[in-house]
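All values derive from a computational prediction rather than experimental measurement.
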Amino acid sequence: MEKEGNPLLAKPSGPKVRIMMMEEQKAAVFIQAWWRGTLVRRTLLHTALRAWIIQRWWKQKLVKLQEKRRRTSLECYARQEWAAVKLQSWFRMWCIRLRYCRLLHAVRIIQVYWRWHSCHTRGFIQGRYDLKENQLNLQLEISLGSQACSVQQYIPLPIQE
């Protein structure tokens, strides 16, 4: 009974009411479409942001990978250069050592001849000896440059007969 007495609770009928209901329904459909569009746009925005984050992360990874490759190739190049320099250094050292050894050999030859020459020009000792029965005859000639000295000595031997 109360429903019949209250005009707000009663179901309206008539053409105006139908038009109003259709407009309300269109408004509800419009609001629902707007909300769904908002949800779709929000989802697309989140998806785009996530894709952008993934792309950014991937680019950073690629940059790090390229940096690592560049560093590795640079280290390899540096090792090869160092090895080449070391090899050249060893070869130069070997050549210098070979030349030094040749010069040292030449110096030794010159020293030997010089010592022989200086010994023979400074002086020399010549001598003879004779052994007769119980005595030793010893004759020495010592020559020192322009001076000469001659020594002759008879040494008796303690031989008993």
Side-chain angles (χ1 to χ4, degrees), residues 22-161:
M22 287 181 85
E23 286 178 11
E24 282 180 11
Q25 191 176 6
K26 283 181 182 179
V29 168
F30 176 78
I31 291 171
Q32 288 174 354
W34 172 83
W35 179 246
R36 287 187 190 122
T38 303
L39 290 178
V40 168
R41 282 188 296 279
R42 187 187 312 166
T43 305
L44 288 175
L45 180 64
H46 284 290
T47 305
L49 284 174
R50 288 180 184 132
W52 180 78
I53 290 170
I54 291 171
Q55 288 171 353
R56 177 99 178 180
W57 172 81
W58 181 246
K59 284 180 184 176
Q60 286 177 350
K61 283 293 185 183
L62 284 179
V63 166
K64 286 181 183 178
L65 185 65
Q66 287 174 345
E67 179 68 23
K68 187 176 178 183
R69 285 181 184 164
R70 187 187 67 78
R71 185 180 304 273
T72 304
S73 65
L74 184 64
E75 287 173 356
C76 182
Y77 174 76
R79 272 195 305 271
Q80 287 175 351
E81 283 294 312
W82 179 84
V85 168
K86 197 68 166 173
L87 189 63
Q88 290 168 356
S89 170
W90 285 344
F91 180 75
R92 283 193 304 271
M93 180 189 68
W94 178 76
C95 288
I96 290 171
R97 180 172 161 63
L98 188 65
R99 187 173 175 198
Y100 173 75
C101 287
R102 286 179 186 157
L103 287 174
L104 192 61
H105 183 66
V107 164
R108 287 181 179 152
I109 290 173
I110 291 169
Q111 283 177 347
V112 164
Y113 280 110
W114 178 256
R115 287 176 185 155
W116 180 85
H117 175 71
S118 67
C119 179
H120 280 66
T121 56
R122 281 190 189 160
F124 64 92
I125 299 174
Q126 270 187 334
R128 286 187 292 208
Y129 70 92
D130 285 334
L131 189 59
K132 293 185 180 176
E133 300 175 4
N134 60 354
Q135 74 178 10
L136 174 68
N137 263 347
L138 186 62
Q139 281 185 333
L140 292 176
E141 248 181 76
I142 301 172
S143 174
L144 297 172
S146 62
Q147 297 176 350
C149 178
S150 182
V151 177
Q152 187 173 7
Q153 192 170 12
Y154 297 103
I155 302 172
L157 297 174
I159 299 176
Q160 296 181 4
E161 296 181 28

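Between E75 and R71 there is no salt bridge, since no side-chain nitrogen of the basic residue lies less than 4.0 Å from a carboxylate oxygen of the acidic one. With salt bridges taken as basic N to acidic carboxylate O contacts below 4.0 Å, one links R70 and E67.
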**Message:** If you apply the rule side-chain contact (heavy atoms from CB on, under 4.5 Å), what do you find for V29 with K26, and how did you get there?
**Reply:** CA-CA 5 Å; V29 168; K26 283 181 182 179; 5.6 Å; no
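With values rounded to the nearest 0.5 angstrom, W57 atom CH2 is found 8.5 Å from I54 atom CD1. Here the straight-line distance linking atom CZ of R79 with atom CG of L74 works out to 10.0 Å at 0.5 Å rounding. One distance of note links CD of Q139 with CG of D130; it measures 7.5 Å at 0.5 Å rounding. Taking CG of L49 as the reference point, atom CG of L45 lies at 4.5 Å (rounded to 0.5 Å). Summarising the geometry, atom CD belonging to Q153 is positioned 11.5 Å from atom CD belonging to Q135; distances are rounded to the nearest 0.5 Å. For the atom pair L62 CG and K64 NZ, the distance stands at 11.5 Å (nearest 0.5 Å).
For the pair S89 (side chain) and V85 (backbone), a donor-acceptor distance under 3.5 Å is absent.
For the side-chain hydrogen bond (donor to acceptor under 3.5 Å, both in side chains) test, no residue two or more places apart in sequence or in another chain qualifies with R42. In terms of the side-chain contact (heavy atoms from CB on, under 4.5 Å) criterion, residue partners of R102 (sequence neighbours excluded) are, by chain and number, L98. Contacts of I109 classified as side-chain contact (heavy atoms from CB on, under 4.5 Å), with partners at least two apart in sequence or in another chain: H105, Y113.
Q111 CD: more than 12 foreign heavy atoms inside a 6.0 Å radius.
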